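All remarks here apply to the structure that follows.
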Amino acid sequence: MASPRTITIVALSFALGLFFVFMGTIKLTPRLSKDAYDEMKRAYKSYAKALPGLKKIGISSVLLRKIIGSLEVGCGVVLTLVPGRPKDVANFLLLLVMLAVLFFHQLVGDPLKRYAHALVFGILLTCRLLIARQSDDRPEREDSREEQHINDQEKNKVKQS
């Protein structure tokens, strides 16, 4: 039977992955929702206006939206389908994207209701990453405890001799 930690990681990975595939697709194409796509276009135009440095390095609002949307779709697919370490890398990249999105919303002065989703999903990504990393660290601690116990036993044998 799978441990609760494993079930939590799998469930979070799958749900977060599907969410980011959906949101990234909305940023890239109007096929899912024309209204949401138009809203994303408008929002990214305001982000690009608030950051004139992006224009100087050749990043337009369209390119910024497509970069973030592609990252979300790609990392969402990895979180949903790919096993192992790549999920942690995708999780970390999505966490960076969420931090950037929060920065953009703050920069243009959006109210909390406009970026609450980014806060929630940033927290969920952080929790998923912490749980995944914690499960990796635990066996090492147990191994070191066993090694310490063996070393203590050997020292006791040397003292008795």
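Any value given below was found using the heavy atoms of this structure, including those in side chains, with hydrogens, waters and symmetry copies removed. These numbers were taken from a predicted model, which means no experiment stands behind them.
- When Phe14, Phe20, Phe22 are each tested for a side chain to side chain contact (heavy atoms under 4.5 Å, CB included) with Leu18, only one passes: Phe14.
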Stepwise side chain to side chain contact (heavy atoms under 4.5 Å, CB included) check, Leu94 with Leu79: CA-CA 10 Å; Leu94 286 171; Leu79 273 178; 3.5 Å; yes

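- The distance from atom CG of Asn91 to atom CG of Leu124, rounded to the nearest 0.5 Å, is 10.0 Å.
- Note: the hydrophobic cluster containing Leu64 also contains Ile26 (ILVMFWY, side chain heavy atoms under 4.5 Å, direct or indirect links).
- Both Val101 and Leu107 are assigned to one and the same hydrophobic cluster, defined by single-linkage of ILVMFWY side chains at heavy-atom distances under 4.5 Å.
- Leu129 is listed as a side-chain neighbour of Asp88, based on a closest heavy-atom distance under 4.5 Å.
- Rounding to the nearest 0.5 angstrom, the gap separating the CZ atom in Arg65 from the CD1 atom in Ile67 is 11.5 Å.
- Screening Phe104, Tyr115, Phe103 for a ring-ring contact (aromatic ring centres under 6.0 Å, His included) involving Tyr47 leaves a single residue, Phe104.
- Residues Tyr44 and Lys27 form a side-chain contact, since some pair of their non-hydrogen atoms from C-beta on lies under 4.5 Å apart.
- Contact record, Val73 with Gly24: CG2-C, 3.5 Å, taken as the closest heavy-atom pair.
- If you take NZ on Lys45 and OG on Ser60, they are separated by 10.5 Å, rounding to the nearest 0.5 Å.
- Scanning both residues, Gly76 and Val21, for their nearest heavy atoms gives C-CG2, 3.6 Å.
- Residues Val82 and Phe19 are members of separate hydrophobic clusters, defined by side-chain heavy-atom contacts under 4.5 angstrom among Ile, Leu, Val, Met, Phe, Trp and Tyr.
- Ile59 is connected to Val108 through a chain of hydrophobic side-chain contacts under 4.5 Å among Ile, Leu, Val, Met, Phe, Trp and Tyr, so both are in one cluster.
- To the nearest 0.5 angstrom, Lys66 atom NZ is 8.5 Å from Leu63 atom CG.
- Looking at heavy atoms from C-beta onward, Met98 lies in side-chain contact with Glu72 at the 4.5 angstrom threshold.
- Going from atom CE of Met23 over to atom NE2 of His117 covers 5.0 Å, rounded to the nearest 0.5 Å.
- Val97 is not listed as a side-chain neighbour of Leu93, based on a closest heavy-atom distance of 4.5 Å or more.
- Of the charged side-chain nitrogens involved, none lies within less than 4.0 Å of a carboxylate oxygen, so that Arg42 and Asp38 do not count as a salt-bridged pair.
- Connection of Leu95 to Val78 is not established within any shared hydrophobic cluster, with ILVMFWY side chains joined at heavy-atom distances below 4.5 Å, either directly or through further cluster members.
- Residues Lys87 and Ile9 fail the side-chain proximity criterion, which asks for heavy atoms closer than 4.5 Å.
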